[in-house]
Amino acid sequence: MLALITTGCSKNINVRSYNAVCDLYLEGLPEEFKQLPEALRNDLNISITLRNVSSNKKHNIKLKAADNYRKSVYLIPGTYEVQKPFLYEQSLAMFRVETTVTSISVAKNSRAEVPIKVSNPSNFINTMKNNQPTDEILNADIYSRKVQYKGKIIDLNKIKEVMSFNLASNSKTLSPSETYLIPSSDNPGVSIIVQNLTSTSIPVSKATLTGVYFTGNNVVLPKGITLGSNLRDIVHAKEGKLGTPDYCMGSALIGFEIDGTTLVYIDKDSGDRISFYIKLGDTYVSSVKYEFAKYE
């Protein structure tokens, strides 16, 4: 009976009444940030966690572009561990974030601060500079097998001559027609696609190069297409850089929380195939795959 009487009788704590506030914000964002595609910029969020060392309660806080990466939160007075911040889509943003603050103490009627900074601003600025498309890549045919990578034009046929891929040390065996991705050991975000084009099983080192897969935003495709590019800029029938795709896979409702989408373009002469991948709920390219002589 006592349990029934006291159920629901506990007082709700009004955290705001303590007026103990923590201000979290990103500072020193390079001007070159504006060079990232707009759709990507608007989607970049920073996540950071504050852990109350007494209660072990965690507060996960998101700093959003729409709020200029600033947020103030009310806390129960006490000491909080500041865990490392994380930038979503950092492989597309091409920078990371950090804070030197590892712990804060908040008291009644006081404020604490957690400033966050770009951890590699010079590298980011250099990447944005190298991502400015040259006249050569702007005028190149989309199926030329050429890309601008870190500011230089490279031929995808010869990519193994300019980047390192550990083929010889890979012990995997491929069945006939099987494909395999091998990441670059010195250029994160780049993988080659190899395939067994024989009728018997062979080691990876004997497989044929059949394409390249990009997941890092330091590559520029012909016509100036980059990862993070808004889909409309690519696929619009009249104004898009490539126009209507040959076909799509996944959800046709791009931008909705239903399924990811892949847009596929095929060259009728060479058979080369380019696939643009869009993650669930996004409206921009997150990765791109260029394959040789697929025809379908």
Side-chain angles (χ1 to χ4, degrees), residues 29-42 44 89-95 118 120-165 183-193 209-236 238-243 245 263-267 269-270 272-278 283-293:
L29 190 63
E31 186 70 19
E32 286 76 7
F33 178 74
K34 296 178 182 178
Q35 295 177 17
L36 288 171
E38 182 180 8
L40 175 59
R41 293 200 312 267
N42 293 339
L44 294 178
E89 298 285 20
Q90 62 185 19
S91 64
L92 297 181
M94 299 306 293
F95 67 90
V118 175
N120 56 342
S122 60
N123 289 346
F124 172 72
I125 292 170
N126 191 50
T127 296
M128 292 299 99
K129 179 181 177 181
N130 288 334
N131 274 6
Q132 295 303 303
T134 61
D135 289 341
E136 182 176 355
I137 204 66
L138 284 172
N139 296 321
D141 184 88
I142 190 66
Y143 300 107
S144 63
R145 298 189 183 181
K146 289 183 178 181
V147 298
Q148 179 180 314
Y149 185 78
K150 292 185 176 180
K152 297 181 179 180
I153 304 297
I154 63 173
D155 185 340
L156 296 183
N157 293 301
K158 301 177 180 179
I159 194 168
K160 290 192 289 184
E161 298 176 13
V162 296
M163 299 183 192
S164 297
F165 300 91
S184 171
S185 56
D186 57 357
N187 284 275
V190 181
S191 299
I192 57 172
I193 307 164
L209 174 68
T210 59
V212 185
Y213 184 48
F214 295 99
T215 58
N217 195 10
N218 45 14
V219 61
V220 184
L221 277 66
K223 301 184 185 296
I225 298 172
T226 64
L227 302 190
S229 291
N230 189 288
L231 292 185
R232 188 184 188 280
D233 296 337
I234 299 174
V235 307
H236 191 276
K238 294 182 179 179
E239 301 175 7
K241 294 177 179 179
L242 300 183
L263 307 177
V264 182
Y265 294 84
I266 300 175
D267 182 26
D269 294 325
S270 67
D272 285 5
R273 180 172 68 193
I274 306 177
S275 302
F276 295 95
Y277 295 89
I278 302 92
T283 59
Y284 54 85
V285 176
S286 60
S287 60
V288 62
K289 182 189 293 183
Y290 192 112
E291 298 172 280
F292 309 146

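Heavy atoms only: backbone and side chains are in, while hydrogens, waters and symmetry mates are out. Values in this document were obtained by computation on a predicted structure and should not be read as measured data.
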Atom [atom1] in [X], atom [atom2] in [Y]: separation rounded to 0.5 Å?
| X | Y | atom1 | atom2 | result |
| --- | --- | --- | --- | --- |
| Asn139 | Lys223 | CG | NZ | 8.5 Å |
| Asn126 | Asn218 | CG | CG | 10.5 Å |
| Asn131 | Met94 | CG | CE | 7.5 Å |
| Ile137 | Ser144 | CD1 | OG | 6.0 Å |
| Tyr290 | Ile193 | OH | CD1 | 11.5 Å |
| Ile153 | Lys146 | CD1 | NZ | 7.5 Å |

Looking at [X] and [Y], what are the two nearest heavy atoms and their distance?
| X | Y | value |
| --- | --- | --- |
| Leu209 | Asn157 | CD2-O, 3.9 Å |
| Leu36 | Leu92 | CD2-O, 4.0 Å |
| Val147 | Phe214 | CG2-CZ, 4.2 Å |
| Asn130 | Gln148 | O-NE2, 2.7 Å |
| Val264 | Ser275 | CG2-OG, 3.9 Å |
| Tyr284 | Ile278 | O-CG2, 3.6 Å |

Within the supplied structure, the quantity of interest is the number of heavy atoms (other residues, nucleotides, ligands) at a distance under 6.0 Å from Gln132 CD; does it exceed 12?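 More than 12 within 6.0 Å, yes.
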Given side chains that start at C-beta, do those of [X] and [Y] come closer than 4.5 Å, heavy atoms only?
| X | Y | answer |
| --- | --- | --- |
| Val162 | Lys152 | no |
| Pro222 | Asp141 | no |
| Leu242 | Ile225 | yes |
| Glu239 | Arg232 | yes |

Strictly distance-based, threshold 3.5 Å: is any side-chain N or O of [X] a donor or acceptor partner for the main-chain N or O of [Y]?
| X | Y | result |
| --- | --- | --- |
| Thr215 | Ser287 | no |
| Asn217 | Leu227 | yes |
| Tyr213 | Pro183 | no |
| Arg41 | Lys34 | yes |
| Ser229 | Val285 | no |
| Asp186 | Ser164 | yes |
| Tyr265 | Gly243 | yes |
| Ser184 | Phe165 | no |
| Asp272 | Ala293 | yes |

Begin from the C-alpha positions of Thr210 and Glu291 and carry the test side chain to side chain contact (heavy atoms under 4.5 Å, CB included) through to its verdict. CA-CA 6 Å; Thr210 59; Glu291 298 172 280; 5.8 Å; no
List the steps, then state whether side chain to side chain contact (heavy atoms under 4.5 Å, CB included) holds for Tyr149 with Ile159. CA-CA 11 Å; Tyr149 185 78; Ile159 194 168; over 6 Å; no
What verdict does the side chain to side chain contact (heavy atoms under 4.5 Å, CB included) test give for Met163 and Ile154, after you've listed the backbone C-alpha separation in whole Å, the side-chain angles of each residue and the deciding distance to 0.1 Å? CA-CA 10 Å; Met163 299 183 192; Ile154 63 173; 4.0 Å; yes
Steps toward side chain to side chain contact (heavy atoms under 4.5 Å, CB included) verdict (Phe276, Leu221): CA-CA 12 Å; Phe276 295 95; Leu221 277 66; 4.2 Å; yes
